[in-house]
Amino acid sequence: MRWSSLFIPTLRDAPAEAEAASHRLLVRGGFIRQLQSGHYSMLPLGWRVHQKVARIIRQEMDGIGGQEFLLPAMHPASVWQASGRWESMGDEMFRLTDRKGADLALGMTHEEVFATISQELNSYRELPQLWYQIQWKFRDEPRPKSGLLRVREFAMKDSYSFDLDDEGLDRSFDLHHDAYQRIFQRLDLDARPVEASSGAMGGSASIEFMVASDAGEDDVAVCDSCGYAANLERASAALDPLENRPAGDAPESFPTPGVRTIAALAELGHPPVHQIKTLVYRIDDVLTLILLRGDHPFLEQKFTDATGAAEVIPAEVDEIRAALGASPGSLGAVGVADLPIYADEALRGRSGMTTGANEDDQHLKGVDMERDVTVDHWLDVRGIIEGEACTTCGEPLRVVRCIEAGHIFKLGRKYTEAMGVMVLDGEGVNRVPTMGSYGIGVGRAMATVAETHHDEHGLLWPMSIAPYEVVLTVVKVDHDESMAVAERLYDELRAAGVDVLLDDRDDRPGVKFADAELIGIPLRVAIGPRGLDSGQLEFTVRSGGETVDVPIDEVVARVIDAVVTDRTAGQ
RNA sequence: CGGGCUGUGGCUCAGCUUGGCUAGAGCGCCUGGUUUGGGACCAGGAGGUCGUGAGUUCGAAUCUCACCAGCCCGACCA
């Protein structure tokens, strides 16, 4: 394509509101424009990248036997009611009503609809099935942010596997695991598979593919020694050995006027590790105590995953007072018999602890967890802390901020059961197939590459998804010989199947070089009188920045060679 | 939803505290000229409901109130 006739609105200044590097560069480079918060238009350059990402995903999905579908983006409420998610998705689902008054939803994911189609499966002989699509998802995110990284409307590759039994599901899951690694490799993304929480999807296991980046929203615990990696929402770590403090035969009350926090109590000689933190939550409408060590944060996600609770809401001060007789800051579980009590594993076997006395300005010391607290359930619900030991190998864990580039789930039979899906097995018995669900956000993948591939001049697209693979920069467009050579190279490269951009704009060279760097074209050939005189053209690789002179007759071969080896990298 | 901040040509911003001629600058854009290997220069020009509405006032970009939108932090979230 000829740059002079393309719409590539590059900007010298980044929009003030863009903070993430990918956001700034994608806007500055003329790839995307915002229509409203969380909704972006793909401009021609952006759409080319998007389509190349999608093509790689398609190739890999087809490679593991995936069959591409296209399902509606707008769904009747009924399918969501059948799975129970019409309620549970809450405000995150866009809902609307048609002229007949029927309730509709914009699809935020497609388990329900694919499961509906799977009702036409009749026999185990038809399994496994692996179905996918690249389709628009709509999620009413409370806070869209960072350009394409978190939006309300986006293209997602979502796939779904249907198997007769758990072994089959394991195979489908592993196929996806491998395909995802190939996809991210081809995108030149260093995506690490990590154990993850299944969240609202339900199911037995899930793995996220995480790319380290400060622009991310997830924290991952990583062990560099044995390779353990888990989202902080589910990561566990070993505790440092700890001596219990000596204590008497019974808890002892002592006055603590004005002490409301762990830190304040610590100043009175009760270190956080020797305190019991008492949280009061409303768990599915039941007032519940949750106990942790004083220095440990509570992770609601871990609690939800462990208990299956639908609603985990901090209790209000007045209901706490009514139930326990004290305000937050003086709460404890000693002697509490009428409320369910959950305790974090880190409190097991602890004695000589300090906790609130359920009387304002009073605390108890010498508390023994076994003797003095009626724990109903022991759970791991604490957030781990960087530097704690890996439970597998004992080495210290690192915490890394990451972008979630992909997520795969073993769903089980939740949706097939809800939709009444049955197939006959080899014995003629009706069985409910088990499902897996697997997702990659296309725009987010693109933004993640931008986030991890840029320098002070602009983007550095990998060849595999660059909007154009090579740009021919005509230094002086009114120099006839330059244009003639450029046109010839342009034709030859196009004939060879190279995505070539001819910068024939009547602009100063500096403008063209800067633009080419900003939009991140991997290769550049500069064609100008200076080089033509000596029969040489300048060949520049964007990522390395080095420029070499190449004889005119060898340029095409040189470009083709670089393009072909590079764009198939990772395949 | 809580906290912080911001809305003035396509982009970046000044002007607002202390209300007052026709609302400015840089970049970008158009025309002409001069230039031409790393974001040129000169001259002329187009382009703005100052987020929206109401109020105060002789007079509002500027003061008051309400609303809307956007960004960041948190909560939330495949």
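Everything numeric here is computed off the predicted structure, so don't read it as measured data. In the text below, chain A, chain B and the rest are named by the order of the sequence lines, each starting its count at 1.
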A.B. asks: Pick base, sugar-phosphate or nothing for A:Gly528, based on heavy-atom distances below 4.0 Å to the nucleic acid.
C.D. replies: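 Base contact - A:Gly528 has a heavy atom under 4.0 Å of at least one base atom.
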
A.B. asks: What's A:Glu217 touching, base or sugar-phosphate or nothing? Going by heavy atoms closer than 4.0 Å.
C.D. replies: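 No contact at all - A:Glu217 keeps every heavy atom at 4.0 Å or more from the nucleic acid.
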
A.B. asks: Using atom CG of A:Leu532 as one end and atom P of B:rG37 as the other, report the distance to the nearest whole Å.
C.D. replies: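 So the two atoms are 14 Å apart, to the nearest Å.
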
A.B. asks: Applying a 3.5 Å limit to both distances, which nucleotide forms a Watson-Crick or G-U wobble pair with B:rU36?
C.D. replies: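 Paired with B:rU36, as far as the under-3.5 Å criterion goes, is no nucleotide at all.
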
A.B. asks: Around atom CZ of A:Arg192, are there more than 12 heavy atoms of other residues, nucleotides or ligands at under 6.0 Å?
C.D. replies: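 No, CZ of A:Arg192 has 12 or fewer neighbouring heavy atoms, counting only those of other groups under 6.0 Å.
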
A.B. asks: Base, sugar-phosphate alone, or nothing: which one does A:Ala18 contact when heavy atoms must sit under 4.0 Å apart?
C.D. replies: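 A:Ala18: no heavy atom of the nucleic acid under 4.0 Å.
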
A.B. asks: Is there a donor-acceptor contact under 3.5 Å linking the side chains of A:Ser161 and A:His176?
C.D. replies: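 No, no side-chain donor-acceptor pair sits under 3.5 Å.
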
A.B. asks: Hey, are the side chains of A:Ile527 and A:Val555 touching, using non-hydrogen atoms and a 4.5 Å cut-off?
C.D. replies: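 Result no, sub-4.5 Å side-chain heavy-atom pair not found.
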
A.B. asks: So, A:Thr10 versus A:Asp515: side-chain donor-acceptor pair below 3.5 Å or not?
C.D. replies: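 Distance-only check passes for A:Thr10 and A:Asp515.
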
A.B. asks: Using atom C1' in both nucleotides, what's the gap between B:rC16 and B:rG45 to the nearest angstrom?
C.D. replies: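 So the two C1' atoms sit 30 Å from each other.
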
A.B. asks: On a plain distance test, is the side chain of A:Arg524 in donor-acceptor contact with the base of B:rG38 below 3.5 Å?
C.D. replies: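 Counting by modelled atom types and ignoring angles, a donor-acceptor contact under 3.5 Å is found here.
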
A.B. asks: Considering every strand shown, what is the Watson-Crick or G-U wobble mate of B:rC67 when both distances are under 3.5 Å?
C.D. replies: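 B:rC67 is paired with B:rG51.
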
A.B. asks: Quick check: any donor-acceptor pair below 3.5 Å linking the side-chain of A:Glu517 to the base of B:rG38?
C.D. replies: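 It does, because a donor-acceptor pair links the side chain of A:Glu517 to the base of B:rG38 below 3.5 Å.
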
A.B. asks: Do A:Arg413 and A:Met435 come close enough that some side-chain heavy atom pair is under 4.5 Å?
C.D. replies: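 They are not in side-chain contact.
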
A.B. asks: Looking only at side chains, do A:Glu208 and A:Asn231 share a donor and an acceptor under 3.5 Å apart?
C.D. replies: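 Their side chains do contain a donor-acceptor pair, which is all the 3.5 Å distance test asks for.
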
A.B. asks: From the set B:rC11, B:rA40, B:rG38, return the single nucleotide nearest to any side-chain atom of A:Pro15.
C.D. replies: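 So the nucleotide nearest the side chain must be B:rC11.
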
A.B. asks: Figure out the CZ/C1' separation between A:Arg33 and B:rG10, and round it to whole Å.
C.D. replies: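 Answer to the nearest Å: 9 Å.
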
A.B. asks: Would you say the side chains of A:Glu538 and A:Thr547 form a donor-acceptor pair under 3.5 Å?
C.D. replies: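 Distance-only check fails for A:Glu538 and A:Thr547.
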
A.B. asks: Return the pairing partner of B:rG59 with a 3.5 Å limit on both distances, Watson-Crick or G-U wobble; otherwise return none.
C.D. replies: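 None - no nucleotide pairs with B:rG59, as no candidate has both distances under 3.5 Å.
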
A.B. asks: Using a heavy-atom cut-off of under 4.0 Å over every strand shown, decide if A:Gly531 touches base, sugar-phosphate, or nothing.
C.D. replies: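 Here A:Gly531 touches the bases of the nucleic acid.
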
A.B. asks: Considering only atom C1', compute the distance from B:rA23 to B:rA60 and round it to an integer number of Å.
C.D. replies: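 My reading of the C1' atoms in B:rA23 and B:rA60 gives 13 Å.
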
A.B. asks: My understanding is that a pair needs two contacts under 3.5 Å, Watson-Crick or G-U wobble. By that rule, which nucleotide pairs with B:rU17?
C.D. replies: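 Check on B:rU17: unpaired, no WC or wobble geometry under 3.5 Å.
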
A.B. asks: Counting only side-chain N and O atoms of A:Arg508, is one of them less than 4.0 Å from OP1 or OP2 of B:rA40?
C.D. replies: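 Affirmative; the distance criterion is met.
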
A.B. asks: Is any side-chain heavy atom of A:Ile64 closer than 4.5 Å to one of A:Leu130?
C.D. replies: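 Heavy-atom side-chain distance check passes, below 4.5 Å.
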
A.B. asks: Please tell me whether A:Glu111 and A:Ser437 have a donor and an acceptor in their side chains that are separated by less than 3.5 angstrom.
C.D. replies: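 On atom types as modelled, these side chains qualify, holding a pair under 3.5 Å.
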
A.B. asks: Parallel, tilted or perpendicular: which one describes the rings of A:Tyr40 and A:His23, with boundaries at 30° and 60°?
C.D. replies: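 Judged by the thresholds at 30° and 60°, the geometry between A:Tyr40 and A:His23 is perpendicular.
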
A.B. asks: Out of B:rC13, B:rC77, B:rG37, which nucleotide sits closest to the side chain of A:Ala16?
C.D. replies: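 Per side-chain heavy atoms of A:Ala16, the pick is B:rC13.
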
A.B. asks: Taking CD from A:Glu17 and P from B:rG10, how many angstroms apart are they, rounded to a whole number?
C.D. replies: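 Rounded to whole Å, this separation is 14 Å.
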
A.B. asks: Would you find more than 12 non-hydrogen atoms of other residues, nucleotides or ligands less than 6.0 Å from A:Asp190 atom CG?
C.D. replies: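 At most 12 heavy atoms, drawn from other residues, nucleotides or ligands, come within 6.0 Å of this atom.
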
A.B. asks: Specify the residue among A:Thr540 and A:Lys137 whose closest nucleotide of RNA chain B lies further upstream toward the 5′ end.
C.D. replies: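 Here A:Thr540 is the residue nearer the 5' end.
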
A.B. asks: Please report the distance separating the C1' of B:rC65 from the corresponding atom of B:rC29, rounded so that it comes out in whole Å.
C.D. replies: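 Rounded to whole Å, the distance is 40 Å.
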
A.B. asks: Base, sugar-phosphate, or nothing for A:Pro529, non-hydrogen atoms under 4.0 angstrom?
C.D. replies: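 Touches a base.
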
A.B. asks: Without decimals, in angstroms, what is the distance between A:Arg150 CZ and B:rA75 P?
C.D. replies: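 Distance check: A:Arg150 CZ to B:rA75 P gives 13 Å.
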
A.B. asks: Check the side chains of A:Thr473 and A:Asp503 for a donor-acceptor pair under 3.5 angstrom, ignoring hydrogens and angles.
C.D. replies: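 The criterion, which ignores hydrogens and geometry beyond distance, is not satisfied for A:Thr473 and A:Asp503.
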
A.B. asks: Using the C1' atoms only, state how far B:rC77 lies from B:rG4, rounded to an integer number of Å.
C.D. replies: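 Per the computed distance, 22 Å lies between those C1' atoms.
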
A.B. asks: With both distances kept under 3.5 Å, what pairs with B:rA43, Watson-Crick or G-U wobble?
C.D. replies: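 Pairing partner, where one exists within any strand: B:rU31.
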
A.B. asks: Could you check whether A:Asp91 gets within reach of a base, just the sugar-phosphate, or nothing at all, counting any heavy atom under 4.0 Å?
C.D. replies: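 No contact.
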
A.B. asks: By nearest nucleotide on RNA chain B, pick out whichever of A:Ala526 and A:Gly439 is the more 5' one.
C.D. replies: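 Checking each residue's closest nucleotide, the 5'-ward one belongs to A:Ala526.
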
A.B. asks: Return the nucleotide paired to B:rA23: Watson-Crick means purine N1 to pyrimidine N3 with N6-O4 or O6-N4, wobble means G-U with N1-O2 and O6-N3, both under 3.5 Å.
C.D. replies: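 The base-pairing partner of B:rA23, which may sit in any strand shown, does not exist here.
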
A.B. asks: Hey, what are the protein-to-nucleotides 25-29 of chain B N/O distances that come in under 3.5 Å?
C.D. replies:
residue: B:rG28; atom: OP1; partner: A:Arg12; partner atom: NH2; Å: 3.0

A.B. asks: Any side-chain N or O of A:Lys145 below 4.0 angstrom from OP1/OP2 of B:rC73?
C.D. replies: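 Looking at the OP1 and OP2 atoms of B:rC73, one of them is under 4.0 Å from a side-chain N or O of A:Lys145.
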
A.B. asks: Sticking with atom C1', work out how far B:rC67 lies from B:rC72, rounded to a whole angstrom.
C.D. replies: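 Taking atom C1' in both B:rC67 and B:rC72, they lie 22 Å apart.
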
A.B. asks: Roughly how many Å apart are B:rU62 and B:rU17, using the P atom of each and rounding to a whole number?
C.D. replies: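 It comes out at 9 Å once rounded to the nearest Å.
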
A.B. asks: Take the protein atom CG of A:Leu518 and the nucleotide atom P of B:rC11, then report the distance between them rounded to whole Å.
C.D. replies: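 From A:Leu518 CG to B:rC11 P: 16 Å.
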
A.B. asks: Any base atoms under 4.0 Å from A:Ser146, or only sugar-phosphate, or nothing? Heavy atoms, all strands.
C.D. replies: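 Result for A:Ser146 = sugar-phosphate.
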
A.B. asks: How long is the line joining CD of A:Gln301 and C1' of B:rC77, in whole Å?
C.D. replies: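 In whole Å, B:rC77 C1' lies 9 Å from A:Gln301 CD.
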
A.B. asks: Are A:Leu6 and A:Leu501 packed together at the side-chain level, in the sense that at least one heavy-atom pair is separated by less than 4.5 angstrom?
C.D. replies: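 A side-chain contact exists here, since the closest heavy-atom pair is under 4.5 Å.
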
A.B. asks: Expressed in angstrom and rounded to an integer, what is the separation of A:Asp506 atom CG from B:rG37 atom C1'?
C.D. replies: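 A:Asp506 atom CG is separated from B:rG37 atom C1' by 15 Å.
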
A.B. asks: Select one nucleotide: of B:rC72, B:rU35, B:rG37, the one nearest the side-chain heavy atoms of A:Val475.
C.D. replies: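 Nearest to the side chain of A:Val475 among the choices is B:rG37.
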
A.B. asks: Contact class for A:Gln34 vs. all strands (heavy atom < 4.0 Å): base, sugar-phosphate, or nothing?
C.D. replies: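 The answer is sugar-phosphate, as A:Gln34 gets under 4.0 Å only of primed atoms, P, OP1 or OP2.
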
A.B. asks: Rounding to a whole Å, what distance do you find between A:Phe298:CZ and B:rC76:P?
C.D. replies: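 For the pair A:Phe298 CZ and B:rC76 P, the rounded distance is 10 Å.
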
A.B. asks: If the cut-off is 4.0 Å, is A:Thr473 near the phosphate of B:rG37, judged by side-chain N/O to OP1 or OP2?
C.D. replies: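 The answer is no; no side-chain N or O of A:Thr473 sits under 4.0 Å from OP1 or OP2.
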
A.B. asks: Rounding to an integer number of angstrom, what distance separates B:rA43 and B:rG28 when you compare their P atoms?
C.D. replies: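 To the nearest whole Å, 15 Å.
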
A.B. asks: Grab the N/O contacts between the protein and nucleotides 1-7 of chain B below 3.5 Å, and write none if there aren't any.
C.D. replies:
none

A.B. asks: Which nucleotide sits closest to the side chain of A:Gln36: B:rG39, B:rU35, B:rG70?
C.D. replies: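 Shortest atom-to-atom distance from the side chain points to B:rG70.
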
A.B. asks: Using atom C1' in both nucleotides, what's the gap between B:rU49 and B:rG9 to the nearest angstrom?
C.D. replies: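 Between the two C1' atoms, the distance is 12 Å.
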
A.B. asks: Check A:Lys512 with A:Asp507, please: is the shortest side-chain N to carboxylate O separation under 4.0 Å?
C.D. replies: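 A:Lys512 and A:Asp507: not salt-bridged.
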
